[in-house]
Student: 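The structure that follows is given in the form of structure tokens.
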Amino acid sequence: MLRFVFKRLLESIPTLLLLITVSFVLMHAAPGSPFSAERNIPPEIMANIEAKYGLDQPLYIQYFNYLGDLLQGDLGPSFKYKDFTVNELVAESFPVSAEIGLWAFITAVVLGVLFGTIAALRQNTWMDYGVMSLAMTGVVIPSFVLAPLLILIFAVHYRWLPAGGWQGGQWMFLILPVIAMAAHYVSSIARIMRGSMIEVMHSNFIRTARAKGLPARYIIWRHALRPALLPVISYLGPAFVGIITGSVVIETIFGLPGIGQLFVNGSLNRDYSMVLGITVLIGALTIAFNAIVDILYAYIDPKIRY
Amino acid sequence: MRLSMYSLAMALVLGVGASTVSAANVPEGVELAAQQEIVFNNQSEPATLDPQKIEGVPGSRVARQLFEGLVIQDEEGNILPGVAKSWEVNDDNTVFTFHLRDAKWSNGDPVTTSDFVYGWQRAVDPETASPYSWYIEMTTMKNAADIVKGNKPPTDLGVKAVDDHTLEVELDQPIPYFIRMLGHTTMVPAPREVVEEYGDAWTRPDHMVSNGAYRLTDWVVNERMVLKRNTSYWDNEDTVLDQVTILPVASENAELSRYKAGEIDLTGGSTPLAIEHYRQLKKDIPEQIHTTGQVGTYYYSFNNKRAPFDDVRVRKALSYAINREVVTDKITGQGEIPAYSFVPEITAGFSPEEPDWAKLSQQERVEKARELLEEAGYGPDHPLEVELLYNTSDNHKKIAIAIAAMWKQTLGVNVNLVNQEWKTYLATERAGNFDVARAGWVGDYNEASTMLDLLTTANGNNYPKYSNAEYDKLMSESKTIVDEQKRNDLYAKADAMLSRDMPVAPIYQYSTTRLVKPYVGGYPEANPEDIFYFKNMYITKH
């Protein structure tokens, strides 16, 4: 297993390098400078600014300088937020996105698996239709509609919960963004789980277990759940990275200081170092979690190991 | 130093020896709330809080609370003494001498003239790489231009600390509105020791030392800033609010929800509310809507160097055919004023003559536009094709669609709408790759030249590429005239010239619409630059 993990790590290096190179070229190819603004900056002042940020160097030198700094863990200064480095901003914002994402992920997995299983075991009953209708609603309603709706009901009308803000992560401020973020994933997981569970429950080994007279609860828990979870897990790998690296919609609507906002603003502002820094982070996490999914797969389904 | 009669008169107008100071003026009988805290939505995260590097409105709004320059403004935009308690000017209006009051930094150190010298030198120093160093050049402070270009050291800047309380500023050219320009956030002092110790990180709450009514105590990027009262501030006794929380909520819908939920006391006002929300609010809470005119104009730039927009008849025809009343009533609808000249009426001391075409009815204007376009060789058989460039925004889009429809219906012009995201739009505009482009300009100070200078040949922001030697001469001449009336007569002539040559089509004069909770007192209703100081506000019992 260690060898497998090591191999995956080695494979990730060229992938990451390619990601950085493509992002670097694309960012610099985008029209507009990080420092262009409504008011045109006179050329001599622009030259001073570009010199300060090393943008007066040829592109390939900027690229190698960037890689050199990156190897030392330095993501560079933010071109937009001039008082901060990218390291500082990422270190402040990533935990916010990760915390909300993690809660949303846990909520989505627990409720999604539960609802999907119930719907599958009560196939074609009112429970199945009820749960699946809810799931369909969750998939269809985008978060930019659901989030304002939640705010309108729970913050503006009843004033039970805050409409936005982070306040250091107090739980009151987490509830609405977590619900808004988890809703879509609950629905997707429930639908995948239902389909998978139905398929497993019609398998020969389940029929055999039933024929042996094993109790239904035992069959579901011991035999059906693990194989039924496989498609859910392959969905969760990339979803997990997506969910913990921030949703710009949720962060914008709830005013959360997460990484999603930084990333989108970074692209719009041509904040090269910010976009590259977050790209590296997300790339590394994606590679890591895909590896984790592979390992989990091998653990859950021994057939994969052979 | 001998004072001439006119410089003395001007100095008095601008506040020499003025005893009035800006402070919270709580009317008698008003009961204050026990908790004096306010939440303001700034609508965007400032790119920096370093006053010598700030270039945007969000940063300036915060810096204004944290730092104080030589002068500040009252609620109507008039100049008041800030750290300077008085000042004098020499005969030819090139040497200004300021006398500082006993002000202190938030760490208790005295604010001295050397802090101003350091701050201003820092702003022009190429090492600082301030995007606003051009502003100091515009004041014509001695050697500023050479220092920015790296030809002279920052210590050569024309500002001198005569003693701890006397500051002398020398200009290369007399600028009659120099005092007004000092209100800008670039012109505040800087605490040398702190800046040198912490570098770019000197603006962090743990490090920052400021000389305004508030000091920074908390800053979470993209979430909030917390400002607490600076007890060392010279006018702390008259300050009422203890805490100001500043949010960067950009989404108008999120801002409105949080205002309704009671989490925001003052909205940003930088982006107009969606008109459907505005109409509903006007019904529900009209007393909480505050609209103030602004020194700024929304306009369409014609590419004066590209055919057929190099033909004044085409530019005039397109401008005349815009029904500005429809734009301000039906699309923006929040107190904007239709603009028929480039300089807004609200600009201090400016009273232009209404251009002839503005006196016509819209129907008459359209008739005139048809004639002009026909003369230029365009008609039903040979329709004019126009590419209209605008940057992504609901409002710009609605306005562009409406104006394209007006041009089509009245003149048969075929319009191709080109929408680009902000930075791409800027690159396209600067490269001159447009026929007609959406644009807007908000003044840096309350004076007509802040608008009119834009269309001089050498101005870096003159994207329509208008070039008229007569106009340039007028604007250059205006810089030498101290008498406000005479200067404004020249501005009126320049403005009339724009109306004649129509390099741009002014559409409306900006306004700021802000929601303010009824318990907020001291909100300035009439500041044409939307400048406000929280030290003048208070919370009533509610």
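Chain naming here is simple, since letters A, B, ... match the order of the sequence lines and numbering starts at 1 in each. Just the heavy atoms: all of them, side chains too, but no hydrogens, waters or symmetry mates, feed the values below.
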Student: Could you please state which residues from residues 70-79 of chain A sit under 4.5 angstrom from chain B, measuring non-hydrogen atom to non-hydrogen atom, sorted by number, or 'none'?
Tutor: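 Against chain B, none of the residues of residues 70-79 of chain A fall inside the cut-off of heavy atoms under 4.5 Å.
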Student: Contact part of A:Pro148 toward chain B, heavy-atom cut-off under 4.5 Å: side chain, backbone, both or neither?
Tutor: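 Neither part.
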Student: Give the minimum heavy-atom separation between B:Ala129 and A:Ile49, together with the two atoms involved.
Tutor: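 That closest heavy-atom pairing would be O-CG1, 3.5 Å.
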Student: Could you please state which residues from residues 217-226 of chain B sit under 4.5 angstrom from chain A, measuring non-hydrogen atom to non-hydrogen atom, sorted by number, or 'none'?
Tutor: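 Interface residues of residues 217-226 of chain B: B:Trp219, B:Val220, B:Val221, B:Asn222, B:Glu223, B:Arg224.
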Student: Within residues 254-263 of chain B, which residues come under 4.5 Å of chain A, heavy atom to heavy atom?
Tutor: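 Result: B:Ala254, B:Ser257, B:Arg258, B:Lys260, B:Ala261, B:Gly262, B:Glu263.
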Student: Would you compute the distance between atom NZ of A:Lys82 and atom CG of B:Leu49 and round it to the nearest 0.5 angstrom?
Tutor: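 If I round to the nearest 0.5 Å, the distance is 12.0 Å.
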Student: Given that the side chain runs from C-beta out, which part of B:Trp134 has a heavy atom under 4.5 Å from chain A: side chain, backbone, both or neither?
Tutor: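 When you check distances to chain A, atoms from both the backbone and side chain of B:Trp134 fall under 4.5 Å.
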Student: State whether the side chain of A:Asp83 and the backbone N or O of B:Thr203 hold a donor-acceptor pair below 3.5 Å, judged by distance alone.
Tutor: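 Not confirmed, A:Asp83 side chain does not pair with B:Thr203 backbone.
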Student: What part of A:Pro162 gets within 4.5 angstrom of chain B, counting heavy atoms only: side chain, backbone, both, or neither?
Tutor: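 Looking at A:Pro162, backbone and side chain both touch chain B.
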Student: Chain B heavy atoms under 4.5 Å from A:Leu89: which part of the residue, side chain, backbone, both or neither?
Tutor: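 Side chain only.
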Student: What part of A:Arg39 gets closer than 4.5 Å to chain B, counting heavy atoms only: side chain, backbone, both or neither?
Tutor: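 For A:Arg39, backbone and side chain are both near chain B.
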Student: Are the side chain of A:Lys80 and the backbone N or O of B:Ala47 linked by a donor-acceptor pair below 3.5 Å?
Tutor: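 Side chain of A:Lys80 to backbone of B:Ala47, a donor-acceptor pair under 3.5 Å: no, none is there.
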Student: Contact part of A:Ser93 toward chain B, heavy-atom cut-off under 4.5 Å: side chain, backbone, both or neither?
Tutor: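 For A:Ser93, neither part sits under 4.5 Å from chain B.
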Student: Please list, in residue-number order, every residue in residues 260-273 of chain A that has a heavy atom less than 4.5 Å from any heavy atom of chain B; write 'none' if there are none.
Tutor: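 Within residues 260-273 of chain A, the residues under 4.5 Å from chain B are A:Gln261, A:Leu262, A:Asn265, A:Leu268, A:Asn269, A:Arg270.
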Student: Any donor-acceptor pair under 3.5 Å linking the side chain of B:Lys149 with the backbone of A:Glu44?
Tutor: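 Answer holds: no.
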Student: Please classify the contact between A:Gln167 and chain B as side chain, backbone, both or neither, with a heavy-atom cut-off of under 4.5 Å.
Tutor: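 Both parts, heavy atoms under 4.5 Å.
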